[in-house]
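Here the structure is laid out as structure tokens; the discussion comes afterwards.
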Amino acid sequence: MLAAALGQCVAVATVLLLAPLLKGGIDNLKAKIQSRRGPSPFQPYFDLHKLFRKERSASRDASWVFRSAPYVAFAAPIAFAMLIPVLTAAPLSWAFMADMVGSGFVIGIGGYFTNLAAMDSASPYGGLGASRSRLVSSLAEPTLILIFFAIGFISGGTVPFVANNILYTTSALISPSHALIAVAFFLVVLAEAGRLPIDNPSTSQELSMIEASRLFEYSGPDQALMEWGGWMKLFVLLIVWLNVLIAPDGLATQLTVSAFAIAIASLAAKMLCAALLIVGVESALAKIRILRVPEYLGGTFVLSFLAVVMYSLGR
Amino acid sequence: MTDPGLLVLVVALPLVAALISLVCSARLQIALALVFQVGTFGVALALIARILVVGRIDAFAHWLYLDSLSAVVMLVAAVVSVLATFYSAGYLRHELQHRVIKTDELRKYFVLFHLFVFAMLLVTIAGNLGLLWTAISATTLASAPLVDFYGSHEPLEAAWKYIVLTVAGSLLALLGLLLLYQSGVASLGNSYDFSIPVLAGAASHLSPTLASTAFLLILVGFGTKAGLAPMHTWLPDAHSQAPSPICAMLSGAELNCAMLGIFRVYTLTAPAAGAATLRTGMLVFGLVSMSVAVVFLISQRNFKRLLAYSSVEQMGLISVGVGLGNPVALIGALLLVVTHGFTKCLMFFATGNLVLRFRSTTIPEIRGVVRAMPWTAVLLIGGALAIAGAPPFGVFISEFSIIAGAFAGHFWVLGALVAALLLLGFIPLVAPFHRMTFSNADTGGEVAQAELSAVTLLPALVLLGAVLVIGVWIPNPLNQLLHHAAAVMTR
Amino acid sequence: MALAEAVLATLILIATFGLLIARQVRGAITGYAAQSILLGGLAIAMFAGSRLPHLLALGLLTIGIKGFAIPAVVRFQVRGPTYRRREIAYYVGFPTALLVGAGLSLVGLVAASRLPFHPYLLSEPVLGLAIAVILLGLFTTMARRDAVLQLAGLLAAENGVLLVGLVVSPELGLLIEFALVLDVVIGVAVMGFLIARMHETVASTDTSELSRLRG
């Protein structure tokens, strides 16, 4: 029991501490590919350190929603991390709090509060970003639901750990429908986490921003929490993609120090591959116009739909 | 020479001719073409004569295969090709004299012409179904640039439509062939020789579902190439824009090559899939083609398009004849392959003379042909009556057999429908040619009487004679060939 | 069925979708090149499993000719100002094309599942994917007005047929597969010639410029 609780803490700590590294790594690799020197992979840690020392300022008219949003946005990915197989193949003590749909809600509430806060600040860019991010999320929803259903369909359970075990141990792992789900989910992760081709995370043009414009009104520790929360969101969504859908290898099956060390190492390796993939995608693609976002997400819906069809035909 | 040797020779000659004409000077092209095409024709006749004796020739581990069924198509292809070569000689000379084309363009024309003949003859002797498919696609690829020969806006449009639709169709046909292969895996093993004799030997053990699916895909796929409606839309364009000798080959020979592909697969899949299912498919496509064609015949102002729609109608009728399935209708359909091929070729030669003389393909613009070109007028009227199905020409006998077959098989409504469609198509086919021939030239006074060269008349006259002879008395060897071919299809 | 083959077959379908919804000619060519390279990779993966040497040859030929040579030729042909414009001409809009494509894929998958099929080196879902690829390719040809896109659609459908060939019988062998390669090369040459003629004649490759023949 104690070991399980400890394990859970290690998992959460891993997410907390590695998420900035993922962000820094992607930025660094991207700069390398574009033959720039680029920032150090550890730059996000310095940024966080700097922001936490700065003063917090907020609009006089902002309500409690604005002030509480950073904490929610920061806490949501952490709670989500307890529900998914970050390091262990076996479910830990809190894993049965929610299934995949429930964990979707948990991760969604962070975005919900961010949107409310962006509108609460009454900044025009905030409202713009909020409405755009609603557009993306609401269009991504059908795909996500379908993916959850498909996974549930294949594995007979919707708790991520169960799905992970079933997918890993049965031949369902290597069917075309599984591959379709994996591709569709990756594309949705890119959209949800505000990456290219939906949103350009390194843009400085306010009018084309989605994610960044929601954070305009924040400063100091609030901004640090918001950004950190965003990085963790990408991190945990990629963990779902990697550990549940694609490559569950290396997860700890026992609660020993060495097993956890291996799990953390393999997670880091997998994350490096994922980062390379994201860098590749982001270097190859340009941001698509906001009006085409429905087509992009419609495409992911079609893929997940075909996955369900193929699976049900193959039975 | 041995039979396999003849098989190789019949395709080698046009291929060699294409290679030589690629390098030889433009002025020698016509003589070269005449020599090689007459040679090819001679070899083809020798092969058909051999088939009447030996029944079938199966050579090179089933790669090449000729039997009575493919010999019928070979007969049409060889006759049409050799006459088209003669006609081309007269046609192209005239175009050169009037500076419509340049001497250099003769090389392009004849290289593609020889390749086109090569591909069509390869269709008739292919024993391996993969080779059959390749040859049928090759006919498209060789003839599309010929459709675009005049190189202006409309020919280009026609050539593009032709190639896109027929390539799409041939992909479906290939999918069908792959399913046909799969249908034999259960009885012949995973790896077997995908050839006509091997599959014919195991025809009753094929998987029924796969075999009937395969047939339907091939009917649609090769049917696109054969001009069956509703996949026929390329045909009137291509047949109206190509140079006349090429139109004659497209309509007279190439459509039949695609039909041969359908016949082959029909023969192979009928025992397993049940002939009734397959026949329904052929009847439906046949009747749709005939109906669509009749509608477009009625309002047609361009005589080359008129002839093209007539081809759609006749291909539909051939399909109906096979779909009826009884021997009388089947022989009628096979005879129609021959007579339609000859007659349509004749009509494109005759109208080709009109095009050369009047530089128009619009019916109202041409008047008084009987004064201007008496011999061409004879050909036009004779050919129009023949193609519309008037006795005593060969097409009439074929159509009559098919309708008689329908009644003999108690398909009363169907027989009546086919007869009604043919009657509906009769006047629209004959009337325009009548008008062009006999009405007086209303503008510009009298047109001077001047036939083009004899070379542009003789091939057509030969065909008119042949169609007349077949209508009155089918020569015994042809009769025998048709009966054997029908036997191959009902085996 | 091995992991690599399932994934590659799926990615082929996705690449075909990419071709279908590409808005620019260059994007469509990239989609076709990707599809061909994946197909060649699939043949090579099958070679790794089965040791049938002609699969290796086929894979290398496919990657070399269809993955690089043909796209390079077509790219060369479509250089120039016509292709700098943003979007290609179409009959069916992109969202509609996506929906129809989903429907066609469904048709392909269901049709394949209804056929009595003897699994050999690849399994039945791949047959469904392959038929879906053929339908998507042919639909691209119908839905786009640009001649280059129509050509790309036909080529994509042809890749689908080759994939069916790999599923149905990798031992059907040399003939059909190499006939196809030859057919593609000559077909591309002829169609490329016609596309070049279109450039000369109507200064564009929009086939709706070519619509004088009626009736």
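As a basis for the values below, the full set of heavy atoms in this structure was taken, side chains included, without hydrogen atoms, waters or symmetry mates. Values in this document were obtained by computation on a predicted structure and should not be read as measured data.
Looking at C:Ala147, the atoms closer than 4.5 Å to chain B (heavy atoms on both sides) sit in the backbone and in the side chain alike. Contact annotation for B:Ser183: neither backbone nor side-chain heavy atoms come within less than 4.5 Å of a heavy atom of chain C. For chain B, the nearby parts of C:Met198 are the backbone and the side chain; heavy atoms of each come within less than 4.5 Å. The contact between C:Glu158 and chain B is made by backbone and side chain atoms together, counting heavy-atom distances below 4.5 Å. Residue contact with chain C, scored on non-hydrogen atoms closer than 4.5 Å, is absent for B:Ala142. With a 4.5 angstrom heavy-atom cutoff, C:Val164 touches chain B via backbone and side-chain atoms both. For chain B, the nearby parts of C:Leu154 are the backbone and the side chain; heavy atoms of each come within less than 4.5 Å.
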Tell me, with the steps shown, if C:Ile134 and B:Leu171 meet side chain to side chain contact (heavy atoms under 4.5 Å, CB included).
CA-CA 8 Å; C:Ile134 296 173; B:Leu171 287 176; 5.5 Å; no
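Interatomic distance, CG of B:Asp148 versus OG1 of C:Thr201, reported as 7.5 Å (0.5 Å rounding). C:Leu151 CG to B:Trp160 CH2: the interatomic distance, rounded to the nearest 0.5 Å, is 5.5 Å. Rounding to the nearest 0.5 angstrom, the gap separating the CG atom in C:Leu135 from the CG atom in B:Leu172 is 8.0 Å. Between atom CG of residue C:Leu127 and atom CD of residue B:Gln182 there is a gap of 8.0 Å, rounded to the nearest 0.5 Å.
Between C:Pro116 and B:Leu210, the shortest heavy-atom contact is O-CD1, 3.1 Å. For the pair B:Ala168 and C:Leu138, the tightest heavy-atom approach, listed with the atom from each and the gap, is CB-CD2, 3.7 Å.
Of the listed residues (C:Leu194, C:Val190, C:Leu182, C:Ile131), the greatest number of heavy-atom pairs within a distance under 4.5 Å of chain B belongs to C:Leu194. The choice from C:Met191, C:Met142, C:Glu200, C:Gln150 that makes the most heavy-atom pairs within less than 4.5 Å of chain B is C:Met191.
Proximity of a side-chain donor or acceptor of C:Arg197 to a complementary backbone N or O of B:Leu156 within less than 3.5 Å is not detected.
In terms of the side-chain hydrogen bond (donor to acceptor under 3.5 Å, both in side chains) criterion, C:Asp183 has no residue partners (sequence neighbours excluded).
Heavy-atom proximity under 4.5 angstrom to chain B picks out C:Leu115 from residues 100-115 of chain C.
With contacts defined as side-chain heavy-atom distances shorter than 4.5 Å, the pair B:Lys161/C:Thr207 does not qualify.
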